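To find a chain, count down the sequence lines: A is the first, B the second, and so on, and within it residues start at 1. Everything quoted here is computed from the prediction, not taken from an experiment.
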There are 2 protein chains.
Amino acid sequence: MEEKFKLENQLCFKLYTASRLLTQAYHPLLGEHGLTYPQYLVLLVLWEKDAQPVNDIAKRLLLETNTVTPLLKRMEAEGIVARRKGKEDARQMIVTLTKKGRDLQKKLTYVPETVGNAVICESVTPETVPGLFGMLDDIIKQLKQ
Amino acid sequence: MEEKFKLENQLCFKLYTASRLLTQAYHPLLGEHGLTYPQYLVLLVLWEKDAQPVNDIAKRLLLETNTVTPLLKRMEAEGIVARRKGKEDARQMIVTLTKKGRDLQKKLTYVPETVGNAVICESVTPETVPGLFGMLDDIIKQLKQ
DNA sequence: TATATTTGCATCGTGAACGATATAAATAAC
DNA sequence: GTTATTTATATCGTTCACGATGCAAATATA
């Protein structure tokens, strides 16, 4: 009754905290360019493949469209992306990078390393990270059902 | 320029996704009792030690008081906790469990196991979890500075 | 072809997170 | 003892997350 309810034994709390703190590490780097962390994730998706419907972006990030839609509209207002109706399927909204959105990639070159360096420590090194990735991937796969 | 921006190489995205999905696994279990996941975390803290000031709860969860205060007020409105001014230090708000809050522990006995079982998979087993915990703890310690 | 269902996106409401700021009480400095 | 600073909490504004619901376009079915 005691041990299982201890905060230190909760995987979820550790994931939640690590996620929050690591996101906070991105904040000053991204904020300088007017970006939030979820917006940065959208850019990662679009830098890999431009011109995607809302649904594909949401699926890639494992988010719902009702989370992504307002986020994209804010990015559109910032001039980072453009949204236009799909030609073959009029229900789709195709999201494309603007020049400003594309140019941000160069400006943010240092971000992955900077954050990567910030987490390097005793048990988290280039050698152990693949194992950590594997476990997180398995957890995600498991919970996606 | 390519690899480092790939979504699959971002530790933060994996932590963020795993955290969200695992929190979602709690949702039906907690929702049945009118609780959210952060509210459940507050209960874990108070079940360990009742009658704590807002600040201690926030520190334990590594959250800011401006996150915890409204959360506690919602819990107070639900009759799960009570808040009273500190006697020796009138600035403090001491948060205590109500009977309803204490009784929830018995009603939620099955929650840790249920969620624990939900994440068991190939690379995440009782043998590997301690290693995962260790890495997450190190990441958290590192980012707390 | 008319109707039903599915799909893609959007809107709405609620509850976090969190930076910025405010306020009052406690403590320190003078 | 008066003033300055720190500390504990609260308020406000913005941006996610996400369940519930709505709507229009596409597809399936009758």
Side-chain angles (χ1 to χ4, degrees), chain A residues 12-13 15-28 30-32 34-42 52-78 80 83-95 143, chain B residues 12-13 16-28 30-32 34-42 52-78 80-81 83-95 143:
Chain A
C12 191
F13 175 61
L15 287 171
Y16 160 80
T17 304
S19 168
R20 280 195 311 107
L21 295 182
L22 192 47
T23 299
Q24 283 174 26
Y26 280 92
H27 194 263
L30 299 177
E32 207 171 332
L35 289 172
T36 65
Y37 180 70
Q39 289 173 9
Y40 174 68
L41 292 182
V42 169
Q52 295 191 52
V54 173
N55 213 15
D56 289 15
I57 296 172
K59 282 218 171 71
R60 193 78 207 290
L61 298 177
L62 298 179
L63 290 167
E64 301 298 319
T65 61
N66 57 1
T67 297
V68 175
T69 292
L71 205 155
L72 289 171
K73 292 177 94 167
R74 283 187 286 269
M75 292 177 80
E76 186 184 33
E78 297 290 328
I80 300 168
R83 304 184 318 137
R84 55 173 162 74
K85 279 226 170 123
K87 293 192 173 158
E88 54 214 57
D89 189 335
R91 292 171 304 179
Q92 291 186 331
M93 278 297 261
I94 309 296
V95 182
L143 295 172
Chain B
C12 190
F13 174 62
Y16 160 79
T17 303
S19 168
R20 280 194 311 106
L21 295 182
L22 193 47
T23 300
Q24 283 174 27
Y26 280 92
H27 194 263
L30 300 178
E32 207 170 331
L35 288 173
T36 64
Y37 180 70
Q39 288 172 11
Y40 174 68
L41 292 181
V42 169
Q52 296 192 52
V54 174
N55 214 13
D56 290 14
I57 297 172
K59 281 218 172 68
R60 193 78 208 289
L61 298 177
L62 298 179
L63 289 168
E64 302 297 320
T65 61
N66 57 0
T67 297
V68 174
T69 292
L71 206 154
L72 289 171
K73 294 178 92 169
R74 283 187 285 268
M75 292 177 79
E76 186 184 34
E78 296 290 329
I80 301 169
V81 302
R83 303 182 319 134
R84 56 173 162 73
K85 280 226 172 124
K87 293 191 171 158
E88 54 214 56
D89 189 335
R91 293 170 303 179
Q92 292 186 331
M93 277 298 261
I94 309 296
V95 182
L143 295 172

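- Judged as a salt bridge (charged side-chain N to carboxylate O under 4.0 Å, His left out), the pairs with a partner in residues 54-70 of chain A (not counting sequence neighbours) are, in order, A/Glu48-A/Arg60, A/Arg60-B/Glu8.
- Taken from CZ in B/Arg84 to CD in B/Gln92, the straight-line distance is 10.5 Å, to the nearest 0.5 Å.
- Taking 4.0 angstrom as the limit, B/Gln24 places none of its side-chain polar atoms (N or O) nearer than this to OP1 or OP2 of D/dA17.
- A/Asp89 meets the salt bridge (Lys or Arg N to Asp or Glu O under 4.0 Å) test with A/Arg91; sequence neighbours excluded.
- To the nearest angstrom, P of D/dT9 lies 15 Å from CG of B/Leu71.
- Listed by chain and number, the residues in a ring-ring contact (aromatic ring centres under 6.0 Å, His included) with A/Tyr26 are A/Tyr37, A/Tyr40 (sequence neighbours excluded).
- Distance CD (B/Glu76) to P (D/dT9): 14 Å, rounded to an integer number of Å.
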Exercise answer: donor-acceptor pairs, residues 16-25 of chain B side-chain atoms, under 3.5 Å, sequence neighbours excluded:
from    : atom 1 : to      : atom 2 : distance (Å)
B/Thr17 : OG1    : B/Phe13 : O      : 2.8
B/Arg20 : NH1    : A/Leu62 : O      : 3.3
B/Arg20 : NH2    : A/Leu61 : O      : 3.3
B/Arg20 : NH2    : A/Leu62 : O      : 2.8
B/Thr23 : OG1    : B/Ser19 : O      : 2.8

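- Within the structure, side chain to side chain donor-acceptor pair (under 3.5 Å) pairs that include any residue of residues 65-77 of chain A comprise A/Glu76-A/Arg83 (at least two apart or interchain).
- Under 3.5 Å, the side chain of B/Arg91 and the base of D/dT9 form no donor-acceptor pair of N or O atoms.
- Atom P of nucleotide D/dA17 and atom CZ of B/Arg20 are separated by 7 Å, given to the nearest angstrom.
- Taking a heavy-atom distance under 4.0 Å as the criterion, the stretch of DNA chain C touched by chain B extends 5' to 3' from C/dG15 to C/dA26.
- Relative to the side chain of A/Ala90, the nucleotides D/dA17, D/dA25, D/dT15 differ in distance, and D/dA25 lies closest.
- Spacing between atom CD of B/Gln52 and atom P of D/dT9 amounts to 11 Å, rounded to whole angstrom units.
- Here the C1' atom of nucleotide D/dA25 and the CD1 atom of A/Ile94 are 14 Å apart, to the nearest Å.
- Heavy-atom distances to DNA chain C give each of B/Glu78 and B/Glu64 a nearest nucleotide, and the one nearer the 5′ end belongs to B/Glu78.
- We find the CG-CD1 distance between A/Leu35 and A/Ile80 to be 5.0 Å, quoted to the nearest 0.5 Å.
- Atom CZ of B/Arg84 and atom C1' of D/dT9 are 16 Å apart (whole Å).
- Note that NZ of B/Lys85 is 12.0 Å distant from CD1 of B/Ile94, once rounded to the nearest 0.5 Å.
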Extract from the structure each pairing of a protein N or O with an N or O of nucleotides 10-14 of chain D at less than 3.5 Å, listing the distance.
from   : atom 1 : to      : atom 2 : distance (Å)
D/dA10 : OP1    : B/Arg83 : NH1    : 2.6
D/dA10 : OP2    : B/Thr69 : OG1    : 2.7
D/dT11 : OP2    : B/Lys73 : NZ     : 2.8

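- When side chains are defined from C-beta on, B/Gln39 counts as touching B/Leu71, because their heavy atoms get closer than 4.5 Å.
- For the helix from C/dT1-D/dA30 to C/dC30-D/dG1, the end axes, each set by the C1' atoms of five terminal pairs, are bent relative to each other by 10° (nearest 10°).
- If B/Asp56 and A/Lys85 are placed on DNA chain D by their nearest nucleotide, the residue sitting closer to the 5' end is B/Asp56.
- With rounding to whole Å, A/Leu61 atom CG is found 18 Å from D/dT15 atom P.
- Residue B/Leu21 contributes atom CG, which lies 12 Å from atom C1' of D/dA17 at whole-angstrom precision.
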